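Following: one structure in structure tokens, then a few remarks.
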Amino acid sequence: MQKNDFVVRFAGEGGQGMVTSSEGLAQAASSVGYNVQTFVTFPSQIMGGPTWAQARVSTSPVLSSGDSLDVLVAFNEEAYMAHKDEVSDGGVVIFNSGAFQPESGGNSFGMEFAKLAKQTGNARAENMIVLGALAYLVGMSQQILDDFVRERFTRGREGDEEIIIANIKALTLGRQEAEKSGFSLGELAPPEKPEGDQILINGNEAVAVGAIAAGVNFYVGYPISPATAILLWMERNLTGEGKFVYQASSEIEAINAVFGGGYAGRKAMSATAGPGLSLMGEGLGLAWMAEVPLVIVDVQRGGPSTGLPTKTEQSDLLMALTPGHGDISMPIIAPGTVEECFYASVMAFNWAERYQGPVILLSEHMLSERRQNIPKPEISKLKVENRKVYTGSNGYNRYDGWELSPMPIPGTPGSYIANGSEHDVMGDTTHLAERHIQMTERRFSKLKLLENESYESENTDASIVIMPWGGSKGPASAAYAQLQADGADLGWYYTMFLNPLPVKMLEELKKKSLVIVPELNYMGQMSGILRSQGVKAVSITQYTGLPFKVADLAKRITERVAQEKKEGVTV
Amino acid sequence: MSAKNPEYDFKWCPGCGDFGVRRAIEAALKQRQTETEQPMVNNVVVAGIGCSGNMVHLLEGEQPYGIHGIHGRSLPIAMGVKMGSPSLNVLVVAGDGDFLSIGQEHIAPQAARNLDITAVIMDNGVYGLTKGQSSPTTKVDTITSSTPFGKSEQALNPLMLYLALGVSYLASHVSTRVKDLGTTIADAMNHKGFSVVHVQSPCTTYNNTFQELKGNPKEGIAPLAWNIPEQHDSSDLEQAYEVVKQGGIPLGVIYRNTERPSLQDRVDEINNKSFERKIESIIESFAI
Ligand SMILES: Cc1ncc(C[n+]2csc(CCOP(=O)(O)OP(=O)(O)O)c2C)c(N)n1
Ligand code: SF4
Ligand SMILES: [Mg+2]
């Protein structure tokens, strides 16, 4: 029996190499042409605490991290107890018999991770022992992993060869142990190499690289999970003449510095998470009011307040829409896949430059840490936009008119005041009713420049459609495919451009009898927004800190559709 | 520009100290224009929120660029402007409430970085714009609209705070000495690093301290303001502390450290050591 797909979870204690194991497996498998996706959850403490990481390897593109486990690697008893129920029928548990013995047999076998590692001469080869055993279980050729080890550890350092030999020995030892166990999950079908060049990247990196492609040259950030990696990446890579990257003293400092950078003509950016976005509200309002381009990334985590720093949720949508007081409709782009993280970042800058104002890129924990193979972006095909710059003489009325106008850059003629108070055409404070009307409408009119972006639609004749947003796209599209195969009459809509929504898409959605929105929050934030725009929308919500499982979601969609049909509501 | 702008309806009260500060800033900007031969649009005035922040609208003559942003956030905004376009001259104008209360958290980091900008603080010991509440520099026991039984906090000594936080240039002044103040502000703008010019700028409506500052010999009131003697060595931090410890309102440059590199110097150093990474090679580094 050939398998096309398998899911492995490594569970144990922080610091035992869970992430290294899952990323190592993903790297090895993708290097020979498999599609891969990792999923990681951390405890928020530095040392210890239950951690797990997962890798899915498949011959076709991976849409979700997988509902059940083909293999669970349990590093300790706590991990075994917590995860054993998620192992599929016929799945196998590899446990660390050096640490514990599970109560009953089942499909499981033990290896003494540490003892076996010592035998290789490299006590740190535990992960390699495990990978070797895994490869045997899923029928992956030894060569693939051997090649991977050789490549990864050839670093031009003394002692490389020693480490390579020890690691290959570890892979072999693991393989022998698995063989002794007598278990096998069938043979993994050979990879069908994806068309075109691929890169292996996670969501945070894709956002950062996309920003570079869009021309970011000014970055100020403050550390916060799960967005810290973007700051660290920028510190190392946004280098060279004319670049500015800096760790601020708070998110309040960060947003205001980014505002100053955008005003001075830079493509300016900061990345944060919910608590930071809360602090940035006033600054985002200033940028909206004074019409200054900038990009803020919010990598959403769970809950209000400090919440769940290392879990996933899609609950910052409402705040992102109106992050400050007063009439604001903040442009939002929310990528749904690691690949979209790259393009969302490019588009966030294009939007900011095009409409001259702040843009929020709404990412999520589950995307930020997910490492996945994606088609290599073709830079020459990217469209990078730049703001309309004023090039006339002094005496310019920067805010004249009811629509976008060119922006002067300090140092050149055209001085004006970028004012957070309501202002007249030159930026002087005013309270006149006519002015407030003009300026308010001017600010909102600019959103029109953003409302013709692309969206996905399928089976558009159906009266009931699914419309996920952000990271729930993956599980939702897998659930949708499953329901389609079962003969359900359902349509599909999706876009990463959440505000403003593409007008054509919105028109189509308004004609549907029901739009079902799977989303990871309690309130059903997106469906509420859709209802306010005249769409009959309901949410399927989940607030566990984890992404949807495909089978679960498919079941809940089916139930919701049945309820709708029974009620026969045609509003 | 706004004096002639019928839409702009804010006015300083008659006699407000900020008028004097305005004339001093105008003179300093002009002086700078002549000395550097750079156009007026090379200056960006970043204002706090308060009566004082309205400075940015009330400057007369050739107009610099301006930002009238958020209460307390003029320093981080100024950082963004300066680091975004290092050849600009960036001037912060703010009140004691804006700079020392809601915005105080931003002084320490810029002092530590030695951000190359100048802040002119108009201290009137009160919140003027919101109509007379107590501020950090309001004296203890003072009755204000928000302290009907007297202020319970002791007054902040801002000069001591600036020195302790590591500001690399500090001057103290009064709004009435327009000419001296103008040259001091111009001097501060020439300083490479974070310079603060702290100005007593009395609020005629809620906290009129003109007489206290100047003194009144007829009524036996000694002046609060005193000239820093010429032999004061402003490069010596110990002497700077001594000046501040004497109390009252010293007039002149208290401290000047020309040795410290500015934030821009540091950034240049790093950028010269590193090179720009091209997007193609970045993407290649993720190749499978
Ligand atoms: C976040 C925020 N809080 C409060 C205010 C209200 N407010 C405006 S100016 C001001 C105080 C101004 O005092 P100061 O900085 O000393 O300036 P002055 O008017 O005395 O020149 C306050 C509290 C505001 N605009 N924003
Ligand atoms: S209230 Fe005070 S500070 Fe404000 S303008 Fe009047 S006198 Fe000046
Ligand atoms: Mg004041």
Side-chain angles (χ1 to χ4, degrees), chain A residues 30-31 197-201 205 209 212-213 218 220 237 239-244 246 248-250 252-254 256-266 268 282-283 286 290 373 376-377 379 394 409-421 424 426-432 435, chain B residues 1-2 5 7-10 39-47 49 54 56-57 62-85 87-88 90 105-106 108-109 113 263 267 270-277 279-280 282-284 286-288:
Chain A
S30 66
S31 69
D197 290 344
Q198 303 276 306
I199 59 172
L200 189 65
I201 193 166
E205 290 162 350
V209 176
I212 300 271
F218 191 98
V220 181
N237 295 287
T239 48
E241 207 191 320
K243 304 290 193 296
F244 183 66
Y246 212 80
S249 64
S250 71
I252 295 182
E253 191 178 60
N256 286 290
V258 161
F259 171 85
Y263 168 84
R266 295 295 195 113
E282 202 182 10
L286 171 61
N373 61 299
K376 180 172 155 180
I379 298 305
N394 276 327
I409 304 298
T412 65
S415 55
Y416 72 104
I417 296 167
N419 194 342
S421 302
D424 64 13
M426 334 173 232
D428 280 332
T429 305
T430 182
H431 302 98
L432 292 183
R435 268 302 170 219
Chain B
M1 76 177 96
S2 304
N5 180 355
E7 283 192 40
Y8 175 75
D9 51 16
F10 178 87
M40 190 53 79
V41 291
N42 217 52
N43 297 292
V44 180
V45 178
V46 183
I49 305 291
N54 275 279
V56 68
H57 301 286
E62 220 184 315
Q63 293 294 304
Y65 272 81
I67 297 179
H68 199 175
I70 306 177
H71 192 34
R73 312 302 168 200
S74 51
L75 276 182
I77 293 174
M79 176 193 186
V81 175
K82 182 67 187 177
M83 300 317 289
S85 188
S87 62
L88 297 174
V90 180
E105 69 191 74
H106 301 300
R113 295 166 189 148
L263 178 58
V267 169
I270 293 168
N271 284 350
N272 289 338
K273 269 191 287 195
S274 61
F275 56 91
E276 183 175 333
R277 292 202 62 198
I279 181 65
E280 289 80 6
I282 288 176
I283 291 188
E284 212 39 61
F286 291 96
I288 291 174

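Just so you know, these numbers come straight off a predicted model, no measurement behind them. The figures that follow rest on heavy atoms only: side chains count, while hydrogens, waters and symmetry mates do not. The sequence lines fix the lettering, A, B, ..., with proteins before strands; numbering per chain opens at 1.
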With the side chain counted from C-beta on, respond yes when [X] and [Y] share a heavy-atom pair under 4.5 Å apart, and no when they do not.
{"X": "A/I417", "Y": "B/H57", "value": "yes"}
{"X": "B/I283", "Y": "A/P377", "value": "yes"}
{"X": "A/E253", "Y": "B/H106", "value": "yes"}
{"X": "A/T430", "Y": "B/D9", "value": "no"}

Worksheet item: Just by modelled atom types, is the B/L75 backbone N or O under 3.5 Å from a matching donor or acceptor in the A/N256 side chain?
Response: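 A pair under 3.5 Å: no.
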Find the distance between [atom1] ([X]) and [atom2] ([Y]) and round it off to the nearest 0.5 Å.
{"X": "A/F218", "Y": "B/S85", "atom1": "CZ", "atom2": "OG", "answer": "10.5 Å"}
{"X": "B/R73", "Y": "A/L286", "atom1": "CZ", "atom2": "CG", "answer": "11.5 Å"}
{"X": "A/I212", "Y": "B/E276", "atom1": "CD1", "atom2": "CD", "answer": "8.5 Å"}
{"X": "B/L263", "Y": "A/Y246", "atom1": "CG", "atom2": "OH", "answer": "5.0 Å"}
{"X": "B/I282", "Y": "A/I201", "atom1": "CD1", "atom2": "CD1", "answer": "10.0 Å"}
{"X": "B/K82", "Y": "A/F244", "atom1": "NZ", "atom2": "CZ", "answer": "12.0 Å"}

Would you mind checking which part of [X] comes under 4.5 Å of any heavy atom in chain B, side chain (CB onward), backbone (N, CA, C, O), both or neither?
{"X": "A/V220", "result": "neither"}
{"X": "A/L432", "result": "side chain"}
{"X": "A/E241", "result": "backbone"}
{"X": "A/A213", "result": "both"}

Compare every heavy atom of [Y] with every heavy atom of [X], then report the nearest pair and how far apart it is.
{"X": "A/T239", "Y": "B/S274", "result": "CB-OG, 3.4 Å"}
{"X": "B/Y8", "Y": "A/T429", "result": "CD1-O, 3.2 Å"}
{"X": "A/I409", "Y": "B/Y65", "result": "O-OH, 3.2 Å"}
{"X": "B/M83", "Y": "A/R266", "result": "O-NH2, 3.6 Å"}
{"X": "B/N271", "Y": "A/K243", "result": "ND2-O, 2.9 Å"}

Where does [X] contact chain A at under 4.5 Å (heavy atoms): side chain, backbone, both or neither?
{"X": "B/I77", "answer": "both"}
{"X": "B/I67", "answer": "both"}
{"X": "B/F10", "answer": "neither"}

When heavy-atom pairs shorter than 4.5 Å are enumerated against chain B, which of [options] gives the highest number?
{"options": "A/N394, A/T412, A/I379, A/D197", "answer": "A/T412"}
{"options": "A/A264, A/A248, A/A418", "answer": "A/A418"}
{"options": "A/P410, A/G242, A/S250, A/P413", "answer": "A/P410"}

- Item | Partner chain A: residue of B/S74, B/S87, B/G69, B/G84 with the largest heavy-atom pair count (under 4.5 Å) |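 Most heavy-atom pairs under 4.5 Å with chain A: B/G84.
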Yes or no on side chain to side chain contact (heavy atoms under 4.5 Å, CB included) for A/D428 and B/E7, after CA distance, side-chain angles and deciding distance? CA-CA 8 Å; A/D428 280 332; B/E7 283 192 40; over 6 Å; no
